[in-house]
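Reviewing the structure listed below.
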Amino acid sequence: MTEPHVTLDPQSLNPVEEKLRGPLEDQLSSALQAATVRVGDRYTGESVEQVTAMLLEEAKAGLHPDIAAGFHPDHDQLRQVAEVIISRTR
């Protein structure tokens, strides 16, 4: 699996967020990638939904609280990352 990457929808951003889009995508992607490693290292047979929730929790923990509050990744895409974590351990 390639490392997960966050891409923000430019139409959903206000002008300030649009100006910061690149660095914000980088920060969100970095937090999600770190969360993927941490959750993968701790995986012990949890369900896909549990791993998905763990990924979101870990990613948000790695962000500034204001950024974390606005981070709402696509559930289906986050679930795909969780499925890859689970498949790697089988």
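Just so we're clear, the structure is a prediction, and the values are computed from it rather than from any experiment. Positions are given from 1 along the sequence. All values below were derived from every heavy atom in this structure, side-chain atoms included, with hydrogens, water molecules and symmetry-related copies excluded.
Look at E83 and R79 and you find a salt bridge, because one of the NZ, NE, NH1 or NH2 atoms lies within 4.0 Å of a carboxylate O, short of that distance.
Heavy atoms only, all atoms of each residue included: L78 and L55 are closest at O-CD1, 3.8 Å. R21 and L13 get closest at one heavy-atom pair: CD-CD1, 3.9 Å. Taking all atoms of both residues into account, the shortest heavy-atom contact from H5 to S29 is ND1-OG, 3.1 Å. Shortest non-hydrogen contact noted between V6 and L32 is CG2-CD2, 4.1 Å. Taking each heavy atom of V16 and N14 in turn, the nearest pair found is N-OD1, 3.0 Å.
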Between E58 and R42, does the side chain to side chain contact (heavy atoms under 4.5 Å, CB included) criterion hold? Intermediate values first, please. CA-CA 12 Å; E58 284 286 335; R42 291 193 332 247; 2.9 Å; yes
Please step through side chain to side chain contact (heavy atoms under 4.5 Å, CB included) for the pair Q77 and T7, ending with a clear verdict. CA-CA 11 Å; Q77 292 177 343; T7 302; over 6 Å; no
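Judged by distance alone, the side chains of Q50 and S47 do bring a donor and an acceptor atom under 3.5 Å apart.
Atom CD of E57 has 12 or fewer heavy atoms from other residues, nucleotides or ligands within 6.0 Å.
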Under 3.5 Å donor-acceptor pairs involving side-chain atoms of residues 59-67, not counting sequence neighbours:
{"residue": "K60", "atom": "NZ", "partner": "A68", "partner atom": "O", "Å": "3.4"}
{"residue": "K60", "atom": "NZ", "partner": "F71", "partner atom": "O", "Å": "3.3"}
{"residue": "H64", "atom": "ND1", "partner": "D66", "partner atom": "N", "Å": "3.0"}

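Side-chain contact check for V39 versus V81: every heavy-atom pair is 4.5 Å or farther apart. With a 4.5 Å cut-off on side-chain heavy atoms, M54 and R38 do not count as touching. For the pair H75/Q80, no side-chain contact is recorded, criterion being any heavy-atom separation below 4.5 Å from C-beta on.
With rounding to the nearest 0.5 angstrom, the CG atom of D74 is 11.5 Å from the CG atom of D9. Interatomic distance, CD of E3 versus OG of S30, reported as 9.0 Å (0.5 Å rounding).
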